[in-house]
Amino acid sequence: MELLHRSFFARDPVTCARELIGYELVWNQCAGIVVETEAYTATNDEACHTFFRRSAREFIAAHRAGDAYVYLNYGMYWLLNVLVKGGAEAGFVLLRALEPVRGIKLMKQRRAPQRAPDRLESLCSGPGKLTIALGIDGRDHGRDLCSGAHVGFRVSSAKVQVAAGPRIGITRAAELRWRFTKNGSAFVSGVRQPPQQTAYAQSR
DNA sequence: TCTTAGATGTGA
DNA sequence: CACATCTAAGAT
């Protein structure tokens, strides 16, 4: 498995979040194309954990670029981030949606307790959904995503169009257009208001 | 098609 | 006590 190199995450978080669209997230037997991300920067971003949480700042100091930052949200959903550091600014990329490509049966089994609809488009269409589908939880916090044999981002040769829009589900700094989606994808979250911003080509 | 409530754990 | 969520249920 040819994984995305750690140097990919040694740039600024906004660039990483945008360019991660189209790569494949592999998690043991399951895999999906990354179709939605959000960027959070360690400084000047009130929505980032680093703004209020000492533990987040300590995590950045103690870990390497490409390590997983996993935390529990609303008391019930694990959210997967990738640590970005080494560029102009450190921060995180939140994985928000996947287009399932492998291990679909297993992912559906994991999501079944939620009584989730059987539609493939809604299997991983949200940050809490995709962690359930992939079996990600707090034990993955701090995990190296760039050198393991079973987990990481697989290099893709596909060319994708990426759209940018405001981050969703947050209250502070909501005006920043740091949410990125694969243009026109039916697998993104927030179907009520799909991003209709200017799209641009992204070469691989 | 939209808005609402309720489940639920943790860091500060 | 605020939260980077999700679903079912009820109103429109």
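Remember, predicted model here, so these are calculated numbers, not experimental data. Letters A, B, ... are given to chains in the order of the sequence lines, protein chains preceding strands, and every chain is numbered from 1.
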Sequence neighbours left out, cut at 3.5 Å: what donor-acceptor pairs do the side chains of residues 58-68 of chain A make with other protein atoms?
unit_1	atom_1	unit_2	atom_2	d
A:His63	ND1	A:Phe59	O	3.2
A:Arg64	NH2	A:Asp144	OD2	3.3
A:Asp67	OD2	A:Arg64	N	3.2

Cut-off 3.5 Å, no hydrogens considered: what does the side-chain donor-acceptor table look like for residues 100-110 of chain A, sequence neighbours left out?
unit_1	atom_1	unit_2	atom_2	d
A:Arg110	NH1	A:Ala133	O	2.8
A:Arg110	NH1	A:Leu134	O	3.4

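You'll find that the side chain of A:Arg111 is closest to C:dT7, out of C:dA2, C:dT7, B:dT8.
Within residues 49-59 of chain A, the residues approached by DNA chain B to less than 4.0 Å at the level of any non-hydrogen atom are A:Phe52, A:Arg53, A:Arg54, A:Ser55, in residue-number order. For the segment residues 130-141 of chain A, no residue has any heavy atom less than 4.0 angstrom from an atom of DNA chain B.
For A:Glu46, the side chain to side chain contact (heavy atoms under 4.5 Å, CB included) test picks out A:Phe51, A:Arg172, with sequence neighbours left out.
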(message) Expected output check: what is the dot-bracket annotation of DNA chain B, where ( ) and [ ] are pairs inside the strand (brackets for crossing ones), | is paired with another strand, and pairs are Watson-Crick or G-U under 3.5 Å?
(response) |||||||.|||.
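Residue contacts shown for A:Gly75 include a base, since a base heavy atom lies under 4.0 Å away. If you check every strand for non-hydrogen atoms under 4.0 Å, A:Leu72 touches sugar and phosphate atoms only. Within the nucleic acid shown, A:Arg96 comes within 4.0 Å of sugar-phosphate atoms alone, with no base atom in reach, counting heavy atoms only.
Computed from coordinates, the A:Asn73 CG to B:dG11 C1' distance equals 12 Å when rounded to whole Å.
Phosphate proximity of C:dC3 to A:Thr171: present, with a side-chain N or O under 4.0 Å from OP1 or OP2.
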